[in-house]
Amino acid sequence: MRVLCVAEKPSIARSITQILSGGQFSTRNSPNKYIKNFDFDYPQTNSQFTVTSVTGHLLDHDFESAYSNWQSCDPFILFDAPILAKVKKGSETIARNLNQEARRVQVLMIWTDCDREGENIGAEIAGICRKAKANITVRRARFSAIIAQQIHNAAQNPVQLDMAQSNAVEARTLLDLRIGAAFTRFQSLQLQQRFDQLKGDVISYGPCQFPTLGFVVSRYNQVKAFVPEDFWYIYLALTRIEETTGEEEETPFTWRRGHLFEFEVALAFYEHVLENPTARVTKVTNKNTKKWKPLPLTTVDLQKAGSRLLKISPKTILDIAEHLYQQGFLSYPRTETDQYDPEFNFMSLIEKQAADPAWGQFATNLQNGGFQAPRRGKNNDKAHPPIHPTAHAGNLAGDEKRVYEYITRRFLASCSKDALGWETTIDVDCGGEAFYATGLTVRERNYLDVFPYDKWSNKILPNFEEDEEFMPSVCELKEGQTTRPSLLTEADLVSLMDKNGIGTDATIAQHIQTIIDRKYVMERMQGATKYLVPSTLGIGLVEGYNDVGFDRSLSRPEMRRETERQMVQICEGQKTKADEPRDHQRW
DNA sequence: GCAAGGTC
């Protein structure tokens, strides 16, 4: 029997081939320069296998040409206009390869990622192969990690494609196109007519880009509407001569009440303290504490860290990681998974870092007993492991080097131990009011030695005994003001989108780029931090949609959440894709 | 000229 295996991307085709063939295979070129066809015998199922791949989705959706002219077609017709699926521009060679290979086999086995998009890509592949060979048998291999035992198991126990999941994706695809095209044309034409300065600009609407814009505008409005408030607090401090250094050291104590917004009340407390100014130590607490090592790295985390620590935009970070992946230095950089498979081979990867001049010694220490299995996060996309270095890269430069370094240090840190410390809390009573001071002694730095991005340092307190009394050297009623919230940073925006389900790990950065390209949002540097500021156009669009008076504005994330919920319903068989567009036409 | 989702 001849079997054609099709993976979602070339790298997976190669891995599957390695495992199933045991390394004995021959390679043929395909009409596409990225894709190879691998042939070998698979005696376990008495078959001859050919393994190839696509590169993600093969099809693109668009309206029939009768609907392509913006002027001559009412945008609202687009909600009902027929949509055609055709092979994407640039993917013709991939489709031709499938066509040729399918003719040679009896069975098609789909090896796309085991997620919704993977199921849909599988259906696209099946469609193309069936056109080439109508009676081809279609099977689905299910695997959640590139591990020999799982891959063999998947090859020997194939299942069926899950058409419900595929249909859910198709429903979303059509919905996004209809809504996006209709609203984009409508608002572009309307606004271009009203405002000369917008002539020639596309004013796009998208179900992801608008909530993204909404977050930026909403924070901007909060900043603008902010009115600072005065508050008051009692500040207590004791100056002592530090025994070892002979220097004066001031130990500040924090008021347990924090700060108060009414001056008279704060003053009353303060006067009471002044009448009884002797401070008494009520309690000295010592306890072990630790600073947790970082979780295994996801795409969203990498983008946040990159923006915050390396000052590289989310889009650029992903591009750099992609390039490092293609060179074989990194695992697949688009992943939601923050837990490693129990069988993951950490040691062989740590070994590869032992040669590095900067962190090689740390890697060696991990090999010699310093290793501890990484923490397990809550997310698993069942398709890819957390981002980790797969080879040592010694000759990188510039931002590539910095990104690789962050990922590698983070990997080594996650394989190390939590930092351990000793925390001291001094509780003090003064005039009936409670104050406290906290000190920290770092006992074991552990992961911190390889991960300079986390700060945790000693804060030494002088010795205090329980029931000890002292006269504070400072006791003041201080005034402060609430501080204005800051504009949104790129890292904040990535977090908000992730939390609200706007976009995916692979697309969040693109949506941010889109609202910048559309001139809805500008980047503004303040010191070393990049903030996002909405333009007049961006603010106007959001205000416009808010004013329409829907209970859920199109600039809010709820609409996307609803689409997501309905996709889950399709996956679970409670709805069909035919329900979807009609539902949305009501508004 | 419109979207969002894969991946190169």
Answer with base, sugar-phosphate or nothing: what part of the nucleic acid does A/Gly118 contact at a heavy-atom distance below 4.0 Å?
nothing

Heavy-atom distance under 4.5 Å between the side chains of A/Phe79 and A/Ile179, does that happen here?
yes

Mind checking if A/Thr184 touches a base, just sugar-phosphate, or nothing, with heavy atoms under 4.0 Å?
sugar-phosphate

Give the first and the last nucleotide of DNA chain B, reading 5' to 3', that has any atom under 4.0 Å from a heavy atom of chain A.
B/dG1 to B/dC8

Identify whether any heavy atom of A/Tyr67 sits under 4.0 Å from a base atom; if not, whether one sits that close to sugar-phosphate; answer base, sugar-phosphate or nothing.
nothing

Between A/Thr55 and A/Arg560, just flag the one whose closest nucleotide in DNA chain B comes earlier from the 5' side.
A/Arg560

Do the non-hydrogen side-chain atoms of A/Thr17 and A/Lys36 ever get within less than 4.5 Å of each other?
no

Let's see if you get this right: which residues in residues 108-117 of chain A place a heavy atom under 4.0 Å from DNA chain B?
A/Asp113, A/Glu117

If you look at every strand shown and take non-hydrogen atoms under 4.0 Å, does A/Pro75 touch a base, only sugar-phosphate, or nothing?
nothing

Qualifying residues under salt bridge (Lys or Arg N to Asp or Glu O under 4.0 Å), relative to A/Glu117, sequence neighbours excluded
A/Arg172

With A/Arg560 as reference, evaluate A/Asn500, A/Asp176, A/Thr212 under the side chain to side chain donor-acceptor pair (under 3.5 Å) test and give the passing residue.
A/Asp176

Using side-chain heavy atoms (C-beta onward) and a distance below 4.5 Å, is A/Phe215 in contact with A/Pro557?
yes

Looking at side-chain heavy atoms only, is the closest gap between A/Arg178 and A/Ile83 below 4.5 Å?
yes

Applying a 4.0 Å non-hydrogen cut-off, can you work out what A/Gln510 is touching in the nucleic acid: base, sugar-phosphate, or nothing?
base

Quick one: does any side-chain atom of A/Gln187 pair with a main-chain N or O of A/Ile203 as donor and acceptor, under 3.5 Å?
yes

Specify whether A/Tyr67 and A/Phe63 have parallel, tilted or perpendicular ring planes, treating 30° as the upper limit for parallel and 60° as the lower limit for perpendicular.
tilted

Base, sugar-phosphate or nothing for A/Asp60? Non-hydrogen atoms, less than 4.0 Å.
base

Both A/Ile94 and A/Val202 contact DNA chain B. Taking the nearest nucleotide for each, which residue is further toward the 5' end?
A/Val202

Touch class at under 4.0 angstrom, heavy-atom based, for A/His511 against every strand present:
sugar-phosphate

Counting any heavy atom closer than 4.0 Å, what does A/Glu170 reach on the DNA or RNA strands: base, sugar-phosphate only, or nothing?
nothing

Ring centroid separation for A/His152 and A/Tyr42, is it under 6.0 angstrom?
yes

For A/Thr173, which contact category applies under a 4.0 Å heavy-atom criterion: base, sugar-phosphate, or nothing?
base

